[in-house]
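See structure below.
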Number of protein chains: 2
Amino acid sequence: MKGPDKRRVRRPPKPKRAARALRDKSRSAEVRAGPGTTRRERSAATREAILAAALDEFSARGFAAARLEDVARRAGVAKGTIYVHFRDKETLFEELVRSSLGPVVGLLRQVPADTLTARAFLERLTETFAREVLGTRRKDVLRLVLTEGPRFPQLAQVHYREIIQRALPMLRKGLEGAYARGELTSDALVRFPQLLVAPALVAIVWDALFARFEPLDGAALMRAQVDLIFGGAAR
Amino acid sequence: MKGPDKRRVRRPPKPKRAARALRDKSRSAEVRAGPGTTRRERSAATREAILAAALDEFSARGFAAARLEDVARRAGVAKGTIYVHFRDKETLFEELVRSSLGPVVGLLRQVPADTLTARAFLERLTETFAREVLGTRRKDVLRLVLTEGPRFPQLAQVHYREIIQRALPMLRKGLEGAYARGELTSDALVRFPQLLVAPALVAIVWDALFARFEPLDGAALMRAQVDLIFGGAAR
DNA sequence: ATAATATGACTGACTGGTCAGTCATATTTG
DNA sequence: CAAATATGACTGACCAGTCAGTCATATTAT
């Protein structure tokens with residue numbers, strides 16, 4: 001579906017194109033991985049650099065408006081290099097999300113439900129989430145999932161399977177016990193475990209829209225929700 | 001970067017371009033406003049049709065990826081007509097948001113804080129929000145604000161001024177009284193009135209991402225939060 | 001060890017296609 | 001018929017994705 005021939009025919013001399021660029025150490029793979037590294041390691045470093053740059057650009061412009069050329073420049077790489085590591089723009093986005101958020105659920109599941117009081121359990125979950133997501137670039141990735149997810153059904157489905165379906169039942173299970181034991185005065189949380197994460201999402205959205213007018217402390221917001229859940233009783 | 005010249009050269013006569021389209025009553029302004037209407041009314045109807053179509057397209061594709069040509073087709077109008085009513089794509093978006101969400105704050109402020117118990121007050125607010133936003137296309141507009149807002153600082157600022165700054169203090173004021181009277185056992189809500197709306201945002205986001213796997217009733221989620229606030233005591 | 005050869009990460013000019021916005025023209029209406 | 005409204009072909013800019021070519025490094029042969 002194109003003319004892959006013309007080029008070959010009227011090829012002008014155009015002698016050493018990449019020479020200067022490659023001799024310019026400031027953007028070589030060596031800078032990204034350091035000296036004394038194998039090809040494999042450098043390649044991996046380049047890949048990471050592209051992912052980091054993609055997060056920056058996607059966050060700033062949104063997926064559709066982000067320019068791969070800018071991602072490349074920010075990563076210190078040529079545009080074509082992106083295609084050495086990722087099939088296309090959409091795959092780049094999906095890999096970014098997967099590699100960033102994948103490990104979080106495991107962390108949350110390490111919080112033990114049975115050896116803690118309900119309040120301690122929820123506090124630990126809240127704390128972990130605030131530290132591992134709200135306190136890192138992962139909050140930007142999560143924001144991208146919220147804002148771009150609707151246009152990536154594939155991505156939404158993976159998230160439902162890998163994150164929601166693993167986290168919510170775990171949470172609900174811990175809460176059911178607590179409710180049965182009378183540690184919770186309402187079954188609202190058991191019916192809607194989403195309420196525990198709601199403040200985090202508000203914080204993420206608020207931050208993107210209104211931070212410059214009035215900052216909002218996401219961790220504090222989550223703690224306030226836990227207060228609410230336990231009727232304001234001090235710990 | 002292509003041949004922008006060829007086209008100009010081989011210009012054929014092309015006599016009456018729009019003739020057929022305009023004679024096709026199925027897409028005339030008359031259809032949109034009905035017969036016996038003034039020019040003003042018809043123009044306004046066209047404008048509304050464009051806004052409605054824009055909401056559909058922006059919701060489905062996102063602002064950047066939505067094509068104005070599709071908006072026009074959906075509105076039963078030619079692309080140029082959009083520019084008769086709106087300066088550019090961005091203005092169209094801003095007008096859409098303003099005209100849709102503008103009236104909501106007024107509705108919420110009509111709920112009286114002082115003649116009701118705290119619980120009734122929050123229930124009325126919740127109910128109103130669920131009915132006027134979650135239950136209408138306004139939820140899609142609000143979703144657009146959440147997802148596209150970060151790239152429209154102008155829009156975010158207007159929202160902060162017109163909505164946040166008018167709604168939150170009103171809410172906080174009602175809550176302070178309730179807390180002083182002992183109707184609330186925690187000051188969490190007074191410090192973070194955002195917690196009341198958090199479930200609504202979760203519902204909106206969830207709906208866009210996961211509705212096909214597991215629907216979530218936004219109104220019920222908001223009621224559950226009110227339950228939580230009042231420690232599960234029945235009304 | 002050293003030269004010859006192979007590998008594959010990386011480059012960037014280029015292509016096809018897309019789309020916001022324009023404007024000369026056409027139609028309708030008061 | 002003048003003003004208001006609407007039309008859609010056209011333009012210019014933009015950008016994802018391609019691919020022939022380069023070069024440092026890795027592998028193999030001598």
Side-chain angles (χ1 to χ4, degrees), chain A residues 1-25 27-30 32-33 37-47 50 63-73 75-92, chain B residues 1-8 10-12 14-25 27-30 32 37-40 42-47 50 63-73 75-92:
Chain A
M1 63 163 57
K2 43 122 53 98
D5 31 73
K6 298 268 188 51
R7 265 200 294 277
R8 204 165 11 236
V9 176
R10 73 113 167 71
R11 171 66 40 87
K14 193 212 312 155
K16 33 208 58 181
R17 240 190 304 126
R20 209 182 54 79
L22 276 193
R23 263 193 269 292
D24 174 3
K25 289 309 188 75
R27 49 180 317 213
S28 72
E30 192 172 333
R32 289 184 295 274
T37 50
T38 67
R39 216 133 99 166
R40 249 182 111 76
E41 288 167 327
R42 290 170 185 214
S43 176
T46 297
R47 196 189 137 93
I50 293 169
F63 175 83
R67 288 148 20 76
L68 250 26
E69 179 119 25
D70 290 342
V71 172
R73 186 178 318 123
V77 131
K79 185 147 80 119
T81 307
I82 293 176
Y83 290 87
V84 171
H85 293 272
F86 303 93
R87 181 149 32 81
D88 55 20
K89 195 183 184 189
E90 185 167 335
T91 304
L92 169 59
Chain B
M1 185 58 52
K2 37 147 36 135
D5 31 74
K6 300 267 187 50
R7 267 196 294 272
R8 202 170 11 237
R10 63 119 166 73
R11 168 75 41 86
K14 190 213 314 151
K16 34 207 55 180
R17 243 188 301 127
R20 208 183 53 81
L22 276 194
R23 264 193 270 291
D24 173 3
K25 289 307 186 81
R27 49 182 316 210
S28 72
E30 193 173 332
R32 288 186 293 274
T37 50
T38 67
R39 201 186 257 195
R40 246 182 114 74
R42 290 170 185 215
S43 178
T46 298
R47 195 189 138 94
I50 293 169
F63 175 82
R67 293 156 62 239
L68 250 25
E69 178 119 26
D70 290 343
V71 172
R73 185 178 319 124
V77 132
K79 188 154 77 132
T81 307
I82 292 176
Y83 289 87
V84 172
H85 293 271
F86 304 93
R87 181 150 31 83
D88 56 19
K89 195 183 183 187
E90 186 167 333
T91 304
L92 170 59

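Lettering follows sequence order; numbering is per chain, from 1. Note that the coordinates shown come from a computational prediction; the quantities given were computed from them, not determined experimentally.
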Under the side chain to side chain donor-acceptor pair (under 3.5 Å) test, residues paired with B:R67 that sit two or more places apart
B:D70
Between A:T46 and A:R42 (side chain of the first, backbone of the second, donor and acceptor by atom type, cut-off under 3.5 Å), is there such a pair?
yes
Distances for protein N or O near nucleotides 2-5 of chain D N or O, under 3.5 Å:
residue : atom : partner : partner atom : Å
D:dA4   : O4'  : B:R39   : NH1          : 2.6

Does A:R42 make a side-chain N or O approach to OP1 or OP2 of D:dT25 shorter than 4.0 Å?
yes
What's the shortest heavy-atom distance between B:I50 and B:V71, and which atoms?
O-CG1, 3.9 Å
Rounded to the Å, how far apart are [X] [atom1] and [N] [atom2]?
{"X": "B:L68", "N": "D:dG8", "atom1": "CG", "atom2": "P", "result": "15 Å"}
{"X": "A:E41", "N": "D:dT25", "atom1": "CD", "atom2": "C1'", "result": "14 Å"}
{"X": "B:R73", "N": "D:dT7", "atom1": "CZ", "atom2": "P", "result": "14 Å"}
{"X": "A:E90", "N": "D:dA16", "atom1": "CD", "atom2": "P", "result": "13 Å"}
{"X": "B:F63", "N": "C:dC19", "atom1": "CZ", "atom2": "C1'", "result": "12 Å"}
{"X": "A:R47", "N": "C:dG8", "atom1": "CZ", "atom2": "C1'", "result": "16 Å"}
{"X": "A:E69", "N": "C:dC14", "atom1": "CD", "atom2": "C1'", "result": "12 Å"}
{"X": "B:F86", "N": "C:dT22", "atom1": "CZ", "atom2": "C1'", "result": "18 Å"}

Closest to the 5' end of DNA chain D, once B:T81 and A:A65 are matched to their nearest nucleotides, is B:T81
Mark yes or no for a side-chain to base donor-acceptor pair under 3.5 Å between A:K89 and D:dG17, with no hydrogen or angle criteria applied.
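Side chain to base: no pair below 3.5 Å.
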With nearest nucleotide decided by heavy atoms, which residue, B:D88 or A:I82, maps closer to the 5′ end of DNA chain C?
A:I82
If you find the nucleotide of DNA chain C closest to A:G80 and the one closest to B:K79, which residue's nucleotide is nearer the 5' end?
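Looking at the nearest nucleotide for each, A:G80 comes out on the 5' side.
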Please, which pairs that meet side chain to side chain donor-acceptor pair (under 3.5 Å) have at least one residue in residues 80-92 of chain A, sequence neighbours excluded?
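Pairs touching residues 80-92 of chain A that pass the test: A:D88-A:T91.
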State which residues pass ring pair (Phe, Tyr, Trp, His ring centres under 6.0 Å) with A:F63; sequence neighbours excluded, sorted by chain then number.
A:F58, A:F93, A:F152
Rounded to the nearest 0.5 Å, what's the gap from NZ on B:K79 to CG on B:L68? Could you check?
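That separation rounds to 6.5 Å.
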Under 4.0 angstrom, heavy atoms only, what part of the nucleic acid is A:A64 near: base, sugar-phosphate, or nothing?
nothing
